[in-house]
Amino acid sequence: MRILVTGATGFLGTRLCQALQEAGHTLVALSRDPASAKQRMPMVDQVFPWAPIQSLPPAEAFDGVEAVIHLAGETVAGRWTPAKKQLIHDSRVLGTRHLVEAMKELKTPPKVLISASAIGYYGHRDDEALTEESPPGSDFLAQVCRAWEEEALKAEELSLRVVRLRIGIVLGPGGGALSAMQPLFQLGLGGPLGSGRQWWSWVHRDDVVGLMEHALLDSHLSGPVNATAPQPLPQREFARTLGRVLQRPAFLPAPAFALKLVLGAFSGELLSSRRVLPQRAQEIGYSFRFPELEPALRAALQR
């Protein structure tokens, strides 16, 4: 297929594009800096300019495109100032709106849209087991995810098959959650965050990519899909396992008040509990490459 990818130069996008190119697909990307993106992503056939918040992508980017994978969005990591929160919202909601509006102008729109979302959709839920049928939460990130998905769903008006991938804490080499955690653990400063009882729903990057590839080819798959491993863990268990893999102690707790002092509202994401289960992925027969945390961490930390 000829596939258009947004967010192609990101942590997920780079691995996705490698996998799609290896599978024989032709890739087109949208980027704020096309020259830099093309240099970093030689496997991409063409790169077109796009400022997601400000404008619609150019119509010529969709020529011959059969599928769109939409990953673009401002990272949620970092202190949530009012400006940061606005950028988190607009990069996802307005970006998706502009992408779908551009497809409405096409004589021949693509057949499928795979749009990233996040398990932040569910909000803080303590020990509740969450599936794709669970209702959304009400906090900031839950509201963003809900609005983000609503914009993607408008593509169904064009008879596109729309898959909304609710992505968990992504583990992989060279980026993602581990790039922030590993230095502290290497110094022996890793450990539980807050009580450590909150559920962390993690997933290896290769399984997110695998689910996207499955979604491209499974013409019966639509709607929300939780991109999380089958075995979420309390955060203290996650920390203990990471410490074991790194052969470093992992018992020093980071008190909730200290996280709030340093990170502000973003600390709530580290302390929130989301026990998210990949019910749809298992129903469609997806075979996880990394269903257990320790092998996933070992693979993610390989250089």
Side-chain angles (χ1 to χ4, degrees), residues 1-75 86-117 144-145 147-165 167 209 212-213 215-219 221-223:
M1 286 190 282
R2 186 173 179 85
I3 302 168
L4 185 148
V5 181
T6 78
T9 59
F11 177 60
L12 274 176
T14 51
R15 181 69 191 100
L16 172 69
C17 288
Q18 289 170 355
L20 293 176
Q21 193 264 346
E22 289 166 4
H25 301 293
T26 302
L27 303 175
V28 179
L30 296 172
S31 174
R32 286 186 293 266
D33 188 345
S36 174
K38 181 61 179 171
Q39 187 174 20
R40 293 169 58 188
M41 306 286 289
M43 76 288 288
V44 174
D45 186 51
Q46 289 179 282
V47 184
F48 293 88
W50 184 40
I53 296 175
Q54 289 82 18
S55 63
L56 275 62
E60 56 267 28
F62 295 90
D63 288 349
V65 166
E66 298 172 76
V68 175
I69 302 179
H70 179 40
L71 305 178
E74 172 71 11
T75 177
Q86 192 67 50
L87 191 54
I88 289 170
H89 174 277
D90 291 353
S91 65
R92 288 162 173 76
V93 178
L94 296 183
T96 307
R97 181 181 302 167
H98 290 153
L99 184 69
V100 174
E101 286 178 353
M103 290 192 284
K104 288 180 180 179
E105 304 296 323
L106 303 174
K107 291 183 179 179
T108 306
K111 296 180 176 66
V112 57
L113 168 63
I114 300 171
S115 186
S117 183
V144 169
C145 289
W148 188 10
E149 292 190 18
E150 286 172 354
E151 295 297 336
L153 276 172
K154 292 177 183 176
E156 291 184 338
E157 299 169 10
L158 309 174
S159 298
L160 268 75
R161 179 171 60 88
V162 178
V163 180
R164 292 163 282 143
L165 212 60
I167 301 170
V209 170
M212 290 179 186
E213 291 183 295
L216 279 174
L217 302 176
D218 186 346
S219 61
L221 180 62
S222 64

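Keep in mind that what you see is a predicted model, and the values were worked out from it rather than measured. Side chains are part of it too, since the values below use all heavy atoms of this structure and drop only hydrogens, waters and symmetry mates.
The two residues Val28 and Ala61 come nearest to each other via the heavy atoms CG1-O, 3.7 Å. Scanning both residues, Met41 and Ala8, for their nearest heavy atoms gives CE-O, 3.0 Å. The minimum heavy-atom distance between Arg40 and Thr9, with the atom names listed, is NH2-O, 3.1 Å.
Note that the CD atom of Gln21 and the CG atom of Asp45 stand 10.5 Å from one another [nearest 0.5 Å]. Note that CG of Leu153 and CZ of Arg164 are 4.0 Å apart. Values are rounded to the nearest 0.5 Å.
When the side-chain contact (heavy atoms from CB on, under 4.5 Å) test is applied to Gln54, the partners found at least two apart in sequence or on another chain are Ala51. For Ser91, the side-chain contact (heavy atoms from CB on, under 4.5 Å) test picks out Ile53, Glu74, with sequence neighbours left out. Judged as a side chain to side chain donor-acceptor pair (under 3.5 Å), and not counting sequence neighbours, Glu101 has no contacts. Shown here are the side chain to side chain donor-acceptor pair (under 3.5 Å) partners of Asp218, two or more places apart in sequence or in another chain: His214. Among residues two or more places apart in sequence or in another chain, the side-chain contact (heavy atoms from CB on, under 4.5 Å) test is passed with Leu158 by Met103, Lys104, Leu160.
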Begin with the C-alpha distance, continue with both residues' side-chain angles, and end with the deciding distance and a verdict on side chain to side chain contact (heavy atoms under 4.5 Å, CB included) for Val5 and Val44. CA-CA 9 Å; Val5 181; Val44 174; over 6 Å; no
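Here the side chains of Arg2 and Gln46 are in contact, with some heavy-atom distance below 4.5 Å. Between Leu30 and Leu99, some side-chain heavy-atom pair lies under the 4.5 Å cut-off.
Counting only residues at least two apart or on different chains, the side chain to side chain donor-acceptor pair (under 3.5 Å) pairs with a member in residues 59-72 are Thr6-His70, His70-Thr96.
The number of heavy atoms from other shown groups lying within 6.0 Å of NZ (Lys111) does not exceed 12.
Under the salt bridge (charged side-chain N to carboxylate O under 4.0 Å, His left out) rule, Lys154 has a single partner from Glu150, Glu151, Glu156, which is Glu151.
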